[in-house]
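Presented below is the structure to which this report refers.
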Amino acid sequence: MTTVTPTLLREWRHEFHRRPETAFEEHRTSARIVEILEDAGIEKVTGLGGGTGVVAWVDGRHGGERAIGLRADIDALDVLEANDVPHASTTPGKMHACGHDGHTTMLLGAACALAEAPDFAGRVYFIFQPAEENEGGGRVMVEEGLFTRFPMEAVYGVHNWPGLAVGEAAVHDTAVMAAFDVFRVRLTGHGCHAAMPHLGKDVVLAACQLVNQLQGIVSRETPAHQTAVMSVTQFHAGDAYNVMPETVELCGTVRCFDPELRDHLETRFRQAIAAMATFHGLEADIDYQSRYPATFNTPAHAARCAEVLETLPDIRRVHRDLPPSMASEDFAFMLQQRPGAYIWLGNGEDSASLHNPHYDFNDALAPIGVAYWVALARTLLGNGERDAP
Ligand SMILES: [Zn+2]
Ligand SMILES: [Zn+2]
């Protein structure tokens with residue numbers, strides 16, 4: 001048994017923060033998760049999600065067949081930490097800049113607390129998922145059979161949220177995070193002397209026009225009541241004053257919520273590039289990858305989460321009307337398979353933003369997150385005498 005205290009949560013969190021590991025390489029993180037689970041006598045399966053994922057479970061003392069899943073992501077980012085704190089990253093160029101050290105800590109805290117007092121019916125699964133950032137560890141876990149191997153009726157997630165005060169939460173009825181696609185386009189023309197551009201085919205001019213053209217897809221073709229972002233984030237061409245380069249490479253990302261709009265944006269993106277390439281006599285090579293779908297809560301499950309939050313003494317306010325974020329989340333893959341909800345818990349109004357080198361998960365949030373998970377499990381699973389929806 002492990003008795004969870006704010007001090008213990010802080011120790012765990014600082015330890016995870018000091019040793020950040022990125023996608024599918026979370027070996028020490030995973031080993032520490034296992035150690036904490038074993039110390040608390042909690043059953044688990046390791047080696048999931050490509051190797052570093054862990055699923056643990058606690059059975060309630062009232063029997064019962066029902067089961068729910070609570071999920072935390074455990075990976076860090078390729079960011080050089082700028083914080084000067086004792087628990088700062090000891091791995092240069094990697095840091096927990098998205099607070100997944102806190103997510104891991106809160107889920108471990110909930111597992112230990114529920115193992116110590118399993119006053120519910122059924123089973124709670126604790127899903128420790130690798131590689132949330134960019135690489136879709138959530139998809140890998142789903143594809144390798146998360147929900148067949150560990151049957152559960154619903155699944156729940158949490159993200160700490162900068163800008164919201166500690167003690168505030170946000171619950172969305174449906175869309176909460178956007179879909180996430182990335183692209184890389186290489187235009188190949190004909191390099192030449194910059195003083196004689198008529199002898200070549202100018203990829204820089206074509207790429208500049210293309211950047212403008214793409215913005216029209218969002219501003220002129222996307223209905224104003226829908227939301228989309230198409231951002232060109234990289235533009236690589238040339239390396240001399242007097243040489244027209246042969247190639248240019250553009251990279252970027254596309255975000256939206258509606259699946260039909262997502263298809264439309266990709267189609268029009270490809271058409272815009274093909275047309276521009278034809279006009280300028282260029283060859284175009286397009287690598288367009290659909291990464292994460294949009295994250296949609298199930299309204300009934302979101303409502304239960306909000307009800308549970310309202311009962312917690314340390315939660316002062318539950319926002320029910322915040323707009324969704326244009327950032328993305330691979331928990332979307334789990335919510336495609338099971339109903340559930342992904343909520344935001346305030347990391348502080350003065351918190352650095354997610355992925356910023358000054359970001360640090362707020363230790364004051366950890367006990368609140370544990371209290372939420374524990375209350376959610378107890379409320380949803382009940383004591384076996386009544387059937388919680
Ligand atoms: Zn992130
Ligand atoms: Zn995150």
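This is a predicted model, so every value here is computed, not measured. Every number for a ligand or one of its atoms is a count from 1 in the order of the listing.
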Modelled atom types, side-chain donor and acceptor of H17 and D101, under 3.5 Å: yes
Can R270 and E266 be counted as an ion pair, charged N to O under 4.0 angstrom? yes
My understanding is that only one of V166, N362, V158 makes a side chain to side chain contact (heavy atoms under 4.5 Å, CB included) with L345; could you say which? V158
Restricting to N, O or S atoms of H159, which is nearest to the Zn ion (ligand 2)? NE2
Which is the closest N/O/S atom of H100 when seen from the Zn ion (ligand 2)? NE2
Using 2.8 Å as the threshold, say whether any N, O or S atom from E132 sits that close to the Zn ion (ligand 1). no
Please tell me whether E283 and T188 have a donor and an acceptor in their side chains that are separated by less than 3.5 angstrom. no
State, to the nearest 10 degrees, the angle whose vertex is the Zn ion (ligand 1) and whose arms point to OE1 of E133 and SG of C98. 150°
Short side-chain donor-acceptor distance under 3.5 Å, H103 and N160: yes
Taking the N/O/S atoms of H355 one by one, which is nearest to the Zn ion (ligand 1)? NE2
